[in-house]
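All of these numbers come straight from a predicted model, not from anything done at the bench. We count residues from 1, following the sequence as given.
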Amino acid sequence: MERNFYSLLNTLRKLGSNLQLEGENISVEMANGDDLSRELRSEIIKYKDDLILFLKRKKEFYEIPKISIQASYPISDAQRRLWVLSQFEQGSIAYNMYSYLDLKGYDIDIFRRSISSVLLRHEVLRTVFREGEDGEVRQYVLDLDDLGFVIGYEDYRLED
């Protein structure tokens, strides 16, 4: 059964394949280490130029360029709108979703280290917005130690 290009992409996705562009060559790694069928291999060859173009565009789309480390960064228009909303009374709760999770049978120290690891890895979770003396709002990425985030823990299992 011969597929069109999009059907081929869908089949490769369903099989859990990983396509990588290596210069002008395509490497295909199957999820379970399976080998490509002869039919699938011939279709990949048939659509090689389309696959190369697809992978190049995908790479351009997903690669976010890193900027140099600075004391603060400008905010986007969307961030500015959120900042303005947060300045109104009750505005700060507009985008909060309250919930809780009752965790049973976990190690609090491992949990704290896990959360710290996530905070360390994702700068957006340590980013605050401040208005400068000039009235310009900028974003600042705090160090983990300066964040002041603490996971409280109270054990009430032995309480009445």
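You'll find the side chain of I44 reaches within 4.5 Å of the side chain of L12, heavy atoms only. Side-chain contact between Y153 and F111 is absent, with no heavy atoms from C-beta onward closer than 4.5 Å. Put simply, the side chain of E43 does not reach to within 4.5 Å of the side chain of T11, judged on heavy atoms. Between I115 and F149 there is a side-chain heavy-atom pair separated by less than 4.5 Å. A 4.5 Å side-chain heavy-atom check between L19 and I26 finds at least one atom pair inside the cut-off. At a threshold of 4.5 Å between non-hydrogen side-chain atoms, the residues L51 and L53 do not count as touching.
More than 12 heavy atoms of other residues, nucleotides or ligands sit less than 6.0 Å from atom CZ of R112. At most 12 heavy atoms of other shown residues, nucleotides or ligands fall within 6.0 angstrom of atom CD1 in I69.
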### Task
Might you work through the side-chain contact (heavy atoms from CB on, under 4.5 Å) test for F5 and L9, ending with a clear yes or no?
CA-CA 6 Å; F5 174 70; L9 284 178; 3.6 Å; yes
### Query
Where do E24 and K56 land on the salt bridge (Lys or Arg N to Asp or Glu O under 4.0 Å) test, with the steps shown first?
CA-CA 10 Å; E24 290 299 313; K56 283 182 179 178; 3.2 Å; yes
### Task
Quick one: do D50 and K48 satisfy side-chain contact (heavy atoms from CB on, under 4.5 Å)? Show the steps, please.
CA-CA 5 Å; D50 293 323; K48 179 182 177 183; over 6 Å; no
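With hydrogens and angles left out, the side-chain atoms of Q79 and D77 include no donor and acceptor closer than 3.5 Å.
Of all heavy-atom pairs between M30 and S17, the closest is SD-CB, 3.7 Å. Here the closest non-hydrogen pair linking L36 and L40 is CD2-CD2, 3.7 Å.
In this structure Y140 satisfies the ring pair (Phe, Tyr, Trp, His ring centres under 6.0 Å) test with no other residue, sequence neighbours excluded.
Under the 4.5 Å side-chain heavy-atom criterion for grouping Ile, Leu, Val, Met, Phe, Trp and Tyr, V118 is connected to I151 within one hydrophobic cluster. In terms of hydrophobic clustering, with Ile, Leu, Val, Met, Phe, Trp and Tyr side chains grouped at heavy-atom distances under 4.5 Å, L144 and L142 are assigned to a common cluster.
Using bins of under 30°, 30° to 60° and over 60° for the plane-to-plane angle, the ring pair W83/F129 lands in the tilted bin.
Between atom OH of residue Y73 and atom CD1 of residue I67 there is a gap of 5.5 Å, rounded to the nearest 0.5 Å. In this structure, OG in S27 is found 8.5 Å from CG in L21, a value given to the nearest 0.5 Å.
Sequence neighbours left out, the pairs with a member in residues 113-138 that pass side-chain hydrogen bond (donor to acceptor under 3.5 Å, both in side chains) are S72-R138, E136-R138.
Judged by distance alone, with hydrogens and angles left aside, the side-chain atoms of S7 form no donor-acceptor pair with the main-chain N or O of N4 at under 3.5 Å.
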